[in-house]
Amino acid sequence: MAADMFAKVMENQLLQTAKLMEEQLDAELEKLDKMDEDEMERLKEKRLEALKKAQQQKQEWLSKGHGEYREIPSEREFFQEVKESKNVVCHFYKDSTFRCKILDKHLALLAKKHIETKFLKLNVEKAPFLCERLRIKVIPTLALVKDGKTRDYVVGFTDLGNTDEFTTETLEWRLGCADIITYSGNVMEPPFQSQKKYGSQFTKLEKKTIRGKKYDSDSDEDD
């Protein structure tokens, strides 16, 4: 009889111990689940905050004229435009130079795609001082301005495969090499290298005179 009671007590103790261990395990699992939920909530909050900041940044860019390819009337506006934006691409063009019109088409597309960068164009006839200061001699020339300083130039089409038929992706690659846009491709692989028609076709240079200053035209002929 005593043995049966002892066995019963031991069984109850074991059951209570097992139940306690199970409750503790459940509590630990619940704690882990709650931690996961909290972590997911924090990640969600961080993502929402990042999206909010990105949207605010986008609106700020748009308010400064990003997202479209614009012409500025004179060199005075150039200094103000580059002062208020971190990344600026400015096309120095001449109406009679055919290759400038080719660049216009590609720049208009890239301006919409890369709103992180401001895309401008300026007639060299209206900016003699600026052209002299930036030593712009060949038309077309793209001045790539970062943090208010001209860091690089795309002169003519030499860097674009030496052809009038370069793609928008090729120009995008070249701007990406200068870190003037956010480029998702591989800068070590120029798009035109995989296209046989983009051979080494250099064009002759023609002297152009603007307000007594000589410019080289990178087009074979003008309109």
Side-chain angles (χ1 to χ4, degrees), residues 54 57-95 97-187 190-192 210 215-219:
Q57 179 66 82
K58 180 180 179 180
Q59 292 302 319
E60 180 182 347
W61 283 331
L62 292 176
S63 69
K64 293 180 179 179
H66 292 228
E68 60 178 336
Y69 179 45
R70 298 181 291 115
E71 179 164 8
I72 52 178
S74 69
E75 53 195 6
R76 177 179 296 180
E77 283 75 13
F78 173 86
F79 294 106
Q80 180 60 37
E81 293 280 1
V82 300
K83 182 180 179 180
E84 65 182 19
S85 295
K86 181 178 179 64
N87 297 305
V88 179
V89 174
C90 187
H91 174 200
F92 287 85
Y93 80 98
K94 188 170 182 282
D95 283 326
T97 302
F98 174 69
R99 280 191 161 182
C100 292
K101 296 177 175 60
I102 296 175
L103 268 182
D104 283 340
K105 177 184 66 175
H106 297 296
L107 292 170
L109 293 173
L110 291 176
K112 294 179 180 179
K113 181 177 181 180
H114 292 280
I115 63 171
E116 73 276 7
T117 300
K118 180 181 289 183
F119 287 80
L120 306 171
K121 62 185 296 188
L122 177 59
N123 191 326
V124 293
E125 296 181 327
K126 298 179 180 179
F129 167 76
L130 186 58
C131 289
E132 183 73 19
R133 177 174 175 177
L134 299 181
R135 299 179 182 178
I136 293 174
K137 301 297 183 182
V138 175
I139 304 301
T141 286
L142 298 182
L144 311 183
V145 186
K146 180 178 286 288
D147 296 319
K149 297 182 179 180
T150 305
R151 301 297 178 86
D152 198 0
Y153 297 91
V154 179
V155 180
F157 291 176
T158 303
D159 295 344
L160 305 174
N162 292 308
T163 175
D164 291 354
E165 298 177 0
F166 69 87
T167 63
T168 303
E169 289 73 24
T170 298
L171 178 56
E172 183 179 30
W173 161 81
R174 177 60 182 85
L175 298 180
C177 289
D179 194 32
I180 205 71
I181 61 171
T182 302
Y183 185 61
S184 59
N186 185 356
V187 295
F192 59 80
I210 300 178
Y215 289 82
D216 290 338
S217 172
D218 197 42
S219 295

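We number each residue from 1, following the sequence as shown.
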- Item | Distance in Å, Leu122 CG paired with Ile72 CD1, rounded so as to fall on 0.5 Å steps | 4.5 Å
- Query: Would you say the side-chain atoms of Ser74 and Glu77 include a donor-acceptor pair closer than 3.5 Å?
  - Reply: yes
- Polar side-chain atom of Arg70 near backbone of Gly65 as donor-acceptor pair, under 3.5 Å: yes
- Query: Which pair of non-hydrogen atoms, one from Lys126 and one from Pro73, has the smallest distance, and what is that distance?
  - Reply: CD-O, 3.3 Å
- Query: So, are Glu75 and Arg133 salt-bridged, with charged N and O less than 4.0 Å apart?
  - Reply: no
- Message: Please give me the minimum heavy-atom distance between Thr182 and His114, naming the atom from each residue.
- Response: O-CE1, 3.1 Å
- Task: Could you tell me whether the side chain of Lys94 and the main chain of Ile139 form a donor-acceptor pair under 3.5 Å?
- Result: no
- Message: Does atom CZ (Arg151) have a neighbourhood of more than 12 heavy atoms from anything else shown, all under 6.0 Å?
- Response: yes
- Query: Would a distance-only check, ignoring hydrogens and angles, find a side-chain to backbone donor-acceptor pair under 3.5 Å from Lys101 to Asp95?
  - Reply: yes
- Item | Parallel, tilted or perpendicular, as decided by the 30° and 60° cut-offs, for the rings of His106 and Phe166 | tilted
- Note on the structure: Taken to the nearest 0.5 Å, the spacing of Phe119 CZ from His91 NE2 works out to 12.5 Å
- N/O donor-acceptor pair under 3.5 Å between Tyr153 side chain and Leu134 backbone: yes
- Rounding to 0.5 Å, atoms CD1 (Ile102) and CG (Leu107) come to a distance of 11.5 Å
- At their closest point, which heavy atom of Arg99 faces which heavy atom of Thr163, and how far apart are they? NH2-C, 4.3 Å
- Item | Atom pair CD (Glu68) and CG (Leu120), whose distance is rounded to the nearest 0.5 Å | 9.5 Å
- Item | Heavy-atom pair of closest approach, residues Val89 and Ile180 | CG2-CG2, 4.0 Å
- Could you tell me which non-hydrogen atom of Thr150 sits nearest to which non-hydrogen atom of Ala143, and how far apart they are? CG2-CB, 4.3 Å
- Message: Under a 3.5 Å distance rule, please check whether Lys64 uses its side chain to pair with a backbone N or O of Ser85 as donor and acceptor.
- Response: no
- Item | Spacing of Gln80 atom CD and Arg76 atom CZ [to the nearest 0.5 Å] | 11.5 Å
- Side chains of Glu169 and Trp173 in contact at under 4.5 Å (non-hydrogen atoms): no
- Does some side-chain heavy atom of Tyr93 sit less than 4.5 Å from a side-chain heavy atom of Asn123? yes
- Item | Ile115 CD1 to Glu60 CD distance, which is reported to the nearest 0.5 Å | 11.0 Å
- Task: Could you point out which residue of Val88, Asp179, Asp152, Thr117 forms a side chain to side chain contact (heavy atoms under 4.5 Å, CB included) with Lys146?
- Result: Asp179
- Does the side chain of Leu171 reach to within under 4.5 Å of the side chain of Leu110, using non-hydrogen atoms? yes
- Task: Using the six-membered ring wherever Trp is involved, compare the ring planes of Phe92 and Phe78 and label them parallel, tilted or perpendicular (cut-offs 30° and 60°).
- Result: tilted
- If you take all heavy atoms of Asn87 and His66, which pair is closest and at what distance? O-CE1, 4.4 Å
- Working for side chain to side chain contact (heavy atoms under 4.5 Å, CB included), residues Leu103 and Phe157: CA-CA 9 Å; Leu103 268 182; Phe157 291 176; 3.8 Å; yes
- Query: Under a 4.5 Å cut-off applied to non-hydrogen side-chain atoms, are Thr97 and Pro140 in contact?
  - Reply: yes
